[in-house]
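Quick caveat, the model's predicted, so the values are computed rather than measured. Whatever order the structure lists them in is the order used to number ligands and atoms, beginning at 1. These values consider heavy atoms only, across backbone and side chains, with no hydrogens, waters or symmetry-generated copies.
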Amino acid sequence: MKNLWNNDDAAKCNNDLLALRVYTSRLLGQEPALVLHGGGNTSVKASVTNLFGESEELLYVKGSGWDLITIEAAGFAAVKLDVLKKMAQLDQLSDSEMVRVQRSAMTDPNAPNPSVEAILHAIIPFRYVDHTHADAVVTMTNTETGADRIQQLYGNRVLIVPYVMPGFILAKKIYELTQNIDWASLEGMILLNHGVFTFGDDAKTSYERMIQLVTDAENYLPVQGAVIAPSASTEAKENLLELARIRKSVCKIKGNAVVTKWDITPESVSFSNQPEVASIATRGPLTPDHVIRTKPVPVILGENPEADIARYTKAYCEYFERNTNGQLTRLNPAPCWAVWPGFGLLSFGRNVKEAGIVSDIKDHTIDAIQVAELLGGWKALPESDIFDMEYWELEQAKLSKKGTSGGLQGKIALVTGAASGIGRACVETLQSQGAAVIALDLNPAITTLFDQKEILGVVCDVMLEKDIQNAVEAGIRHFGGLDILISNAGTFPPSESISEMNSKTWDDSMGINLTSHQRLLQACTPYLTMGIDAAVIMIASKNVSAPGPGVSAYSVAKAGQTQLARVAALELAALGVRVNVIHPNAVFDTGIWTTEVLEKRAKHYGMTVEEYKTNNLLRTEVTSKDVASLACAMAGPLFAKTTGAQVPIDGGNDRVI
Ligand code: ZN
């Protein structure tokens, strides 16, 4: 474990106790092998003069909801130290009572809730306390002989604490264990199956003790022969239809759409190919707090993934029934990650971020499992301990606060013509409503246009069948399935009368405005039939019902696209896919409508630009964003019972009406 302490950076803290606390907390947070996604916590004790001129001893402890890697001074809750110390002496304290009393002892009611380990931090008689869930140490303790190995490695440098539930019970346990102990003789504490605590009177000592203890464990592992040897076969097999089918099974059990992160790293594929994988992957999590994200175990997929997921669900319900006290509400029984032998590993989440967190945790877990196997056998905590954590009221409360739910949460959409105009507005609106988006465009800028993990930009010429196929497959590989298709790419050919029509103008318009939609629909259909409330939205035109002279190449193609959608609605209804059409008109906030062109057209009709833009019955301007909002509504529950419909968005047009 690299020591990241830097004297120059530390000097910038000007010896401010809290600034140094922020500094070394971030050093710990930078290393995923120490803490992952909100794991670990840190504190500093300080004497502060309050408003009344009185001196108060405070504990600044990491607030709930903050990550060590990005924590700031505002991320620490200041709690009166004497109250916390008194709490450790209580015989019993419920978790919600603990939170209530801690909150009432805070000096700033707007600060976040103190970490559940606040009492433990308070009773450690050093100014700085650091706590991580270091992989190397926890891995050692997740073995049959873990406690002995820790004793052998660290001797009397550390206090070894058997696993108990974090929070008050852990603080109480350590309070009792340390009544007659010489704290000065200790560098830290090893909490079996949980993590490491270190402490010191200055930030550097506490931090460096953490690095040293973890480094000792990391050096110990190879000496014991615990070095993972990758399996011979790390090439992943691929079956995208099966991937979409697996996702659908998980969504159905979860009761909402999910995105899938499919890992085909050599490490993931190698793990999935382990002959013993069904046994070693299903013994439990690396540390109990991971269970909140990952459930106790993944699903192991075989020849019939649907049946495997159904079996997993049944087993989860039985696990709940075995452990519940009758007062608890069962969580959804769907797996959070999957081992797919030969194919790699899958992580599921309500959004890309959540799937990424699950994926990171499972990366650390599979390493730990394999190392522990080389140390005599991976052995997680008994399921009752895991269950207590999974159904801990404080953890449940944390999760319920995290609800980031847009109307299209977890849905996966594909949009063509995504770099500008209506297409771009559709991508942005879909994403803002919680969907993951595969954004296709001919413009190479599409790959960098959207700087969000929920949007995958893919260069695609919709005139080329192979490009379409590749782009759709890239999207499925990336997000795991497809629920929404917004078929939007198109061009507006130059105005030519039928008698003077250039055959290229005609052919190009048919190619882009009609045939490309058919090819795209064809490529997407197998995946859409495995989508969640799957919906196709064709962006057509007012010209279908109200054509104008000189635009036959455009109007005929758009009429064909509309007819394609109607037939698709008939064909796909039985497969659970809805197909609806939007007919926009006069959407002027797109690339082709520069101020110059607008002024010219307005002048041609003897209007101001404003009059020209709102030249419809409702005297309103129709924007790309308006069209995108309608498309998203059509993709969502509002239109769940509508297919084959055509909806104009044109401010009202007497020729259409
Ligand atoms: Zn912990």
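With Ser270 contributing its side chain and Glu267 its backbone, the two residues share no donor-acceptor pair below 3.5 Å. No side-chain donor-acceptor contact under 3.5 Å links Thr24 to the backbone of Leu27. No donor-acceptor pair under 3.5 Å is formed between the side chain of Asp263 and the backbone N or O of Thr265. Remark: the backbone N or O of Asn7 is not paired with any side-chain donor or acceptor of Lys204 at under 3.5 angstrom.
Around atom CG of Asp182, more than 12 heavy atoms belonging to other residues, nucleotides or ligands sit under 6.0 Å away.
For Thr324, the side chain to side chain donor-acceptor pair (under 3.5 Å) criterion is met by no residue, not counting sequence neighbours.
Within the protein, the number of N/O/S atoms found under 2.8 Å from the Zn ion (ligand 1) is 3.
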